[in-house]
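Everything below concerns the one structure shown next.
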Amino acid sequence: MEACPNCGATGLRSFYDVARVPVHSVLLMPTRAKALDYPRGDVSLAFCDACGFVTNTRFDPADNDYSTEYEETQGFSPTFNAFADALARRMVEQYGVRKQRVLEIGCGKAEFLTRMVELGDNHGVGIDPAIVPERVPAHLRGRLELVQELWSGASRDYDADFICCRHTLEHIAPTGDFLRTLRESIGDRTETLVFFELPETLRVLEEAAFWDVYYEHCSYFTPGSLARVFRANGFELLELSLDFDDQYILLVARPAKGVTQPSLPLEADMQRTRAAVELYATESPRRIERWRTEIRERVARGERVVPWGAGSKAVAFLTTLGLTDELDVLVDVNPYKRGRFMPGSGHEVIGPDDLAAHRPDCVVVMNPIYVDEIRGDLAARGLTPEILAV
Ligand SMILES: [Zn+2]
């Protein structure tokens with residue numbers, strides 16, 4: 001019997017399967033042929049009744065390829081930038097992160113770390129296998145260091161006062177080992193704060209949001225299961241909250257002096273999580289069928305349907321629904337995605353300025369938080385298609 005990679009308990013229970021999805025969903029391809037040919041893996045979500053964790057038991061870390069081609073940045077969206085900027089400001093102010101050493105594990109393009117360095121006059125080190133070390137802006141040379149590697153406990157000792165890790169833990173399968181290694185790497189510097197941010201899974205389960213389940217995300221946390229793995233590995237919690245329209249969990253912790261007990265309101269979620277897993281198991285097949293029918297019927301009526309947002313959610317949405325000829329293109333505001341192709345389904349990505357030529361009747365927004373921004377983008381180009389959001 002397989003052991004839970006978060007808490008070590010046995011008795012994981014499978015509740016959702018999708019076969020042959022692309023192993024990466026933000027690595028866009030230069031040609032349609034390569035996109036259609038993209039390596040695939042299986043998703044089989046299993047639930048741990050001991051800690052509330054959800055894991056893809058079919059995940060194989062050997063499929064990972066976080067090269068510099070990895071185009072994960074959401075930094076072209078004003079909505080996302082405003083969120084990240086306000087968050088960096090709050091962290092600096094609320095936790096007094098000034099003139100300190102800030103380490104970010106999995107820093108992506110280092111936009112957040114850059115703001116932490118600027119706002120708090122901090123020194124920053126960003127580690128990411130997809131980082132381009134030369135990309136440090138001129139005004140931050142000497143204050144910001146980018147290291148192209150996959151962080152491990154064996155990495156150089158960075159002696160950090162504040163460690164952030166945003167949208168990374170959900171890509172790591174042995175989460176319990178990762179937290180233990182992190183705690184060990186901090187050693188006796190018990191004033192060190194750690195800040196984690198990652199997708200919230202209760203909402204995904206309760207809304208049967210199948211587009212939020214994809215191969216790259218092998219680990220799915222609720223606030224409670226995240227809190228439990230931190231406490232089990234020697235941390236005490238200072239904050240456990242939701243942000244970004246309740247789509248993300250934010251956790252701030254520091255090394256604990258001994259064993260700590262749950263104390264924050266969001267930690268007590270085991271009953272709700274059990275119910276949410278049951279709900280997802282029954283509701284997601286219906287939801288998938290409803291969306292498939294919705295899009296096929298519109299296309300049959302002669303409508304042009306264009307999804308907006310060529311990220312992971314779109315890859316999961318298209319490949320789970322098995323959509324191919326029903327759609328022509330997808331739109332994305334990130335100019336680096338333009339002219340590239342969606343892994344798995346092979347659809348081409350265009351920019352908002354190319355959209356007029358496609359005269360869409362219906363735009364499917366892949367994240368409802370962007371509806372207003374997208375309606376504005378469409379109106380600015382004289383377009384008024386019907387807008388649906390997942
Ligand atoms: Zn567990």
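This one's a predicted model, so the numbers in the text were calculated from it and none came from an experiment. Counting starts at 1 for both ligands and their atoms, following the listed order. Basis for what follows: all heavy atoms, side chains included, without hydrogens, waters or symmetry-related copies.
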[X] with [Y]: basic N within carboxylate O range, under 4.0 Å:
X	Y	answer
Arg301	Glu303	yes
Asp269	Arg228	yes
Asp361	Arg304	no

Check: Under 6.0 Å between ring centres, would you say that holds for Phe53 and Tyr220?
Finding: no
CD1 (Ile172) and CZ (Phe59) are apart, to the nearest 0.5 Å, by 9.5 Å
Listed as residue and atom, the protein N/O/S atoms under 2.8 Å from the Zn ion (ligand 1) are Cys4 SG, Cys7 SG, Cys48 SG, Cys51 SG
Between the side chains of Gln247 and Asp212, is a donor N or O closer than 3.5 angstrom to an acceptor N or O?
no
